[in-house]
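Worksheet: one structure, shown below.
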Amino acid sequence: MVDFKEEVANLANRSKAAEEQAMTEEATKTSVVLPFLRALGFDVFNLDEVVPEYIADVGTKKGEKVDFALKIDGKVSMLVEVKPISSKLGNAQFNQLFRYFAVTEARLGILTNGREAWFFSDTDAPNKMDKKPFFKFDFQSYSEDQLTELALFQKIDFAIDAIIEAASNLKYTRSAANYFKRQLDSPDEDFVRFVGKRIHDGPVTKSVLEQIKPSVQVALDEVVRDRIQDKLNITFSADTVPSEKDENPKVADQVLPSEVSDNSGIETTEEEIQAFMIIKAIGAKLAPVSRITMRDAKSYCAIIMDDNNRRPVCRLYFNSAKTKSIGIFDANKNEERLKIESLDDIYTHSDLIEAAVKAYC
């Protein structure tokens, strides 16, 4: 897995360079796609494994080609269609990939532009490629979990049944997640009516819907925050409770004011710790909470990645009795200071905090 990690990291650099230099589909193939297929374990110079310009006649259409067919044990296992890195996959036409799916043994199709790779299968109907990908991988920005998913497509570990099962599960899980995210942002009428029937005595009329919609949205926010808080409490408890083998845990392993204070008169307040927990909860979407740490200073309290002050996420300016603010760093480590009225206001800047954390992932 270490070698695979390194190869994918190299692909990230190739993809960035291609965005500046590769103007055509062929240039994208050479600079990114062929190295990508090699990273998956295919010998790109062996026609028994990688067949370029693969031809499979479809009905009356003769001589149409898909960019690559990947073979395992002599059978076509994956079809790959390439678009220029300058194009967006959301706007791309992939008719060959769709048609060839029905006339080859392949159960997987990959659409890529050298920046992203979209993976398709036939989870909706046998031998008919789904219209939506079950997995997307961004070569320039990916998580550890996404890297693990990508590793499933390596030739050496290729198991089509396991991949298809995972594809089906991912499709429904992500569809459900997208639905809940929409409800969190703005509950639609059907969702509010569904909840209303369970919390309101009597008919759920239009006026009732308008009355309870704000309450439903607030309730959703509270549930999410409570779940995050519960997980953080479990994590912190695991860090602070000594094991039988270690009856004297180090102070550095505990989430206490002493963790981030020294002997110079700096005092970490309960409010700063609560803000730190909120920021950890926001960042937990992108990185393990253990990577997000806190260092207090006289004028501000710093939230950093990997206990490294060269990796700032944000700063808490809570020392003033009249005003509080949070300074959030962008990818270039420029700080934007934002005033907050309460700790709840930190959630309104979740996107900026997530972007700061993502820069170090």
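- Checking side-chain atoms of Q217 against main-chain N and O of D185 turns up a donor-acceptor pair under 3.5 Å.
- Within the 4.5 Å cutoff, the side chain of L97 has heavy atoms near those of the V66 side chain.
- To the nearest 0.5 Å, the span separating CD on Q21 from CD1 on I85 amounts to 10.5 Å.
- Contact annotation: the side chain of I346 approaches that of I282 to within less than 4.5 Å [non-hydrogen atoms, C-beta and beyond].
- Inter-residue side-chain proximity for L47 and P52 is flagged as met; some heavy-atom pair is nearer than 4.5 Å.
- Using a 4.0 Å cut-off between charged nitrogen and carboxylate oxygen, K29 and E25 count as a salt-bridge pair.
- The OG atom of S299 sits 7.5 Å away from the CG atom of N319 when rounded to the nearest 0.5 Å.
- Both L70 and L34 are assigned to one and the same hydrophobic cluster, defined by single-linkage of ILVMFWY side chains at heavy-atom distances under 4.5 Å.
- Q140 pairs in a side chain to side chain donor-acceptor pair (under 3.5 Å) with only one of the listed residues (K16, R115, R14), which is R115.
- No salt bridge links D345 with K339; every basic N to acidic carboxylate O contact stays at or beyond 4.0 Å.
- Using a 4.0 Å cut-off between charged side-chain N and carboxylate O, R182 and D188 make no salt bridge.
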List the steps and the verdict of salt bridge (charged side-chain N to carboxylate O under 4.0 Å, His left out) for E144 and K5. CA-CA 9 Å; E144 195 72 22; K5 272 186 178 182; 2.9 Å; yes
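- Taking the ring pair (Phe, Tyr, Trp, His ring centres under 6.0 Å) definition, one finds that F153 meets it with F119, sequence neighbours left out.
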For a salt bridge (charged side-chain N to carboxylate O under 4.0 Å, His left out) check, start with the C-alpha distance between R295 and D307, then their side-chain angles and the critical distance, and finish with the verdict. CA-CA 8 Å; R295 286 189 191 178; D307 202 23; 3.2 Å; yes
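- Here OG of S215 is found 12.5 Å from NE2 of H200. Values are rounded to the nearest 0.5 Å.
- Listed for the D306 side chain is no donor-acceptor partner under 3.5 Å among the backbone atoms of I292.
- Summarising the geometry, atom CG belonging to D73 is positioned 10.5 Å from atom CZ belonging to F158; distances are rounded to the nearest 0.5 Å.
- Between F318 and L343, some side-chain heavy-atom pair lies under the 4.5 Å cut-off.
- Contact detail for G114 and V32: the closest heavy-atom pair is O-CG1, 3.5 Å.
- A cation-pi arrangement is present between R198 and F194 under the rule of less than 6.0 angstrom and at most 45 degrees off the ring axis.
- The same ILVMFWY cluster, assembled from side-chain heavy atoms under 4.5 Å apart, contains both L352 and M277.
- Aromatic ring pairs are classed by plane angle as parallel below 30°, tilted from 30° to 60° and perpendicular above 60°; the pair F137 and F139 is perpendicular.
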Stepwise salt bridge (charged side-chain N to carboxylate O under 4.0 Å, His left out) check, E189 with K206: CA-CA 9 Å; E189 184 174 313; K206 193 74 173 178; 3.1 Å; yes
Could you give me the CA-CA distance, side-chain angles and deciding distance for S141 and K358, then say whether side chain to side chain donor-acceptor pair (under 3.5 Å) is met? CA-CA 9 Å; S141 178; K358 188 176 181 180; 3.3 Å; yes
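- When all heavy atoms of G41 and K155 are compared, the pair lying nearest together is O-CD, 3.5 Å.
- Between G109 and F101 the shortest heavy-atom distance is N-CE1, 3.7 Å.
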For V50 and F45: C-alpha separation, side-chain torsions, deciding distance, then whether side-chain contact (heavy atoms from CB on, under 4.5 Å) applies. CA-CA 7 Å; V50 179; F45 301 109; over 6 Å; no
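- Follow the hydrophobic side-chain contacts under 4.5 Å out from V357 and you never reach I304; the two are in separate clusters.
- Hydrophobic clustering, with ILVMFWY side chains joined whenever heavy atoms are under 4.5 angstrom apart, groups L286 together with M294.
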Can E81 and K65 be said to form a side-chain contact (heavy atoms from CB on, under 4.5 Å), step by step? CA-CA 9 Å; E81 185 164 350; K65 303 172 184 178; over 6 Å; no
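- In terms of heavy atoms, N113 sits closest to T28 at O-CG2, 3.4 Å.
- The two atoms that bring S186 and K213 nearest to each other are OG-NZ, 3.9 Å, heavy atoms only.
- Paired with F36 under the rule side chain to side chain contact (heavy atoms under 4.5 Å, CB included), one option of V44, L11, V8 passes, and it is L11.
- More than 12 heavy atoms of other residues, nucleotides or ligands shown are found within 6.0 angstrom of CG on N334.
- Under the 3.5 Å distance criterion, the side-chain polar atoms of Q146 are matched with a main-chain donor or acceptor of S143.
- In this structure a side-chain-to-backbone donor-acceptor pair under 3.5 Å is present from S31 to A27.
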side-chain contact (heavy atoms from CB on, under 4.5 Å) between Y347 and I278: does it pass, once the steps are laid out? CA-CA 8 Å; Y347 286 102; I278 291 172; 3.7 Å; yes
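- Counting heavy atoms from C-beta on, the side chains of L40 and F4 come closer than 4.5 Å.
- Few gaps surround NZ on K333; more than 12 heavy atoms of other groups in view lie less than 6.0 Å from it.
- With rounding to the nearest 0.5 Å, the separation of CD in E271 from CD1 in I273 is 11.0 Å.
- Between the side chain of S77 and the backbone N or O of K71, no donor-acceptor pair lies under 3.5 Å.
- For the pair Y54 and V76, the minimum side-chain heavy-atom distance is below 4.5 Å.
- Nearest approach of S87 to K83, heavy atoms of both residues: OG-CB, 3.4 Å.
- When the side chains of ILVMFWY residues are joined at heavy-atom separations under 4.5 Å, either directly or via intervening members, F276 and Y317 end up in two distinct hydrophobic clusters.
- Salt bridge annotation for K128-D122: absent, with no cationic side-chain nitrogen under 4.0 angstrom from a carboxylate oxygen.
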Could you give me the CA-CA distance, side-chain angles and deciding distance for I303 and I279, then say whether side-chain contact (heavy atoms from CB on, under 4.5 Å) is met? CA-CA 8 Å; I303 312 300; I279 292 164; 3.9 Å; yes
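- Using modelled atom types, no side-chain atom of D138 and backbone atom of Y142 make a donor-acceptor pair closer than 3.5 Å.
- Judged by distance alone, with hydrogens and angles left aside, the side-chain atoms of N308 form no donor-acceptor pair with the main-chain N or O of M305 at under 3.5 Å.
- A heavy-atom distance below 4.5 Å is found between the side chains of L111 and F120.
- With respect to K88 and E116, no salt bridge is recorded, no charged nitrogen being found less than 4.0 Å from a carboxylate O.
- In this structure, the side chains of F68 and L37 come closer than 4.5 Å at one or more pairs of heavy atoms.
- The backbone N or O of I326 lies less than 3.5 Å from no partner atom in the side chain of R337, so there is not a single donor-acceptor pair.
- A donor-acceptor pair under 3.5 Å is formed between the side chain of E49 and the backbone N or O of D43.
- Under a 3.5 Å cut-off, the side chain of D130 and the backbone N or O of K132 do not form any donor-acceptor pair.
- Interatomic distance, S350 OG to I328 CD1, rounded to the nearest 0.5 Å: 8.5 Å.
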